[in-house]
Number of protein chains: 2
Amino acid sequence: MSGVRAQQKQKTRQALIVAAFNQLSAEHSFSNLSLREVAREAGIAPTSFYRHFKDMNELGLTMVDEAGLTLRQLMRQARRRIASGGSVINTSVLTFMEFIDTSSNQFRLLLRERSGTSKAFRAAVAREIQHFILELAHYLEAETPCDANHAYMQAEAMVTLVFNAGADALDQDVQQREELTERLIWQLRYIAKGANHYGTHQVNSKPS
Amino acid sequence: MSGVRAQQKQKTRQALIVAAFNQLSAEHSFSNLSLREVAREAGIAPTSFYRHFKDMNELGLTMVDEAGLTLRQLMRQARRRIASGGSVINTSVLTFMEFIDTSSNQFRLLLRERSGTSKAFRAAVAREIQHFILELAHYLEAETPCDANHAYMQAEAMVTLVFNAGADALDQDVQQREELTERLIWQLRYIAKGANHYGTHQVNSKPS
DNA sequence: TATTTTAGCGTACAAGTGTACGCTGAGATT
DNA sequence: AATCTCAGCGTACACTTGTACGCTAAAATA
């Protein structure tokens with residue numbers, strides 16, 4: 001049971017995933033990929049694809065998981081930087097922008113399938129984003145004078161803005177990205193300010 | 001020059017556009033459409049398609065324009081409601097949600113092509129959204145104590161949140177939509193509050 | 001060692017795609 | 001009335017796609 005067999009299988013399985021990611025780009029989305037092209041790039045026969053995934057759909061869901069994993073790992077790293085004395089907003093934003101830069105295809109997948117044609121895909125992406133929101137909400141509830149409900153809404157708004165800024169950044173050059181990032185940081189400050197205002201007291205009263 | 005000829009041409013051209021919109025759905029995106037299927041639904045031969053558009057791409061851009069037009073018309077209507085004494089945030093949000101409900105396929109197109117595979121598409125959608133942002137920014141600058149720069153950032157953040165909430169709403173039932181709308185309204189208040197705080201005075205000082 | 005399992009291959013096929021080409025007949029133009 | 005224009009059609013072709021089926025050789029198991 002040395003597992004030479006299973007080991008090789010994992011290897012080509014991974015080759016398929018890598019091949020699929022490589023074929024994603026600004027001009028090529030997941031739904032444009034064909035089983036045959038992916039198999040070709042992975043160096044196996046089209047029909048061998050089925051030894052690993054029953055479907056292109058199944059491949060896609062695996063890719064979403066993988067992208068989510070990458071993102072979560074990066075953000076864990078961000079939390080370490082924050083713990084050792086970085087500004088929360090700045091560090092998080094910069095880390096996210098780093099993700100977009102170094103793993104743009106993974107981000108593109110999440111971004112596109114969020115509003116894609118497969119309900120399963122949309123749900124999978126929504127789950128990944130939800131992770132983020134909950135984590136941030138938990139942090140905000142603990143570290144700022146905000147009740148749970150407002151902490152959640154605040155987190156949701158922030159994650160939405162960050163994610164969207166990431167999407168815009170994909171098409172931009174360095175100069176534009178810097179301006180975008182600066183605007184984003186201001187916008188996050190707005191939200192923090194507003195949430196702390198409304199979330200701290202008189203939660204149920206209408207604002208003026 | 002009665003134009004019977006040209007009139008008929010416009011008619012089938014419109015039939016193509018309608019056919020294409022009809023084939024959009026939660027499970028079917030623009031890039032899934034085939035020229036042949038669109039032509040079939042419009043009731044013409046595949047090759048006749050070329051009498052109207054050089055490309056599926058050209059059809060798509062026309063559709064984006066049309067969707068943008070619908071949206072702008074709806075928002076003009078919203079402005080009238082506001083002028084006759086409605087709350088700004090509430091009225092705008094409700095109007096937008098109405099757009100998503102009654103013209104979901106048009107919204108889906110904008111939503112998806114915003115991060116789609118064609119740069120021209122992305123630019124076209126970005127332009128439509130930019131209209132919105134500028135219009136709102138102008139309003140905010142005039143009606144609230146906010147300098148131009150902060151008014152723009154505020155408007156951008158608000159439009160982003162509204163647009164994204166619309167995207168989420170597409171998959172939701174009435175109950176969930178109500179909750180979503182309520183959260184959205186709070187989030188917009190956060191932004192308004194924060195922007196007025198930072199944008200009114202001491203613009204260049206760091207927040208506490 | 002003999003047997004079973006299985007990753008990967010090659011062949012084959014039906015279905016669908018975009019589009020080149022030439023024709024027709026009904027409006028438009030002269 | 002004679003001519004031109006051109007929206008729409010049908011045929012045809014070269015491709016690409018997913019996948020069913022059966023084979024092989026090497027690893028795993030007995």
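Chain naming here is simple, since letters A, B, ... match the order of the sequence lines and numbering starts at 1 in each.
Out of C:dT17, D:dT5, D:dG10, the shortest distance to the side chain of B:S34 is found at C:dT17. Minimum atom distance to the side chain of A:R36 is reached by D:dT17, of the listed C:dA28, D:dT17, C:dT5. Side-chain proximity of B:R51 to C:dA7, D:dG8, C:dG25: nearest is D:dG8. Nearest to the side chain of A:T47, among D:dA27, D:dT17, D:dT19, sits D:dT19.
Within the 4.0 Å cut-off from OP1 or OP2 of D:dG8, at least one side-chain nitrogen or oxygen of B:T12 is found. Residue A:S48 has a polar side-chain atom (N or O) positioned under 4.0 Å from OP1 or OP2 of C:dC9.
With salt bridges taken as basic N to acidic carboxylate O contacts below 4.0 Å, one links A:E135 and A:R79. A salt bridge links B:D101 to B:R177: at least one charged side-chain nitrogen sits closer than 4.0 Å to a carboxylate oxygen.
Projected onto DNA chain D by closest heavy-atom contact, B:G43 and A:K54 fall at different nucleotides, the more 5' of which corresponds to B:G43.
Between B:F107 and B:F99, the two ring planes are perpendicular [angle over 60°; tilted spans 30° to 60°].
Look at CZ on A:R40: it is 16 Å from P on D:dT19, rounded to the nearest Å.
The side-chain tip of A:R183 does not point at the ring of A:W186 from less than 6.0 angstrom away and within 45° of straight on.
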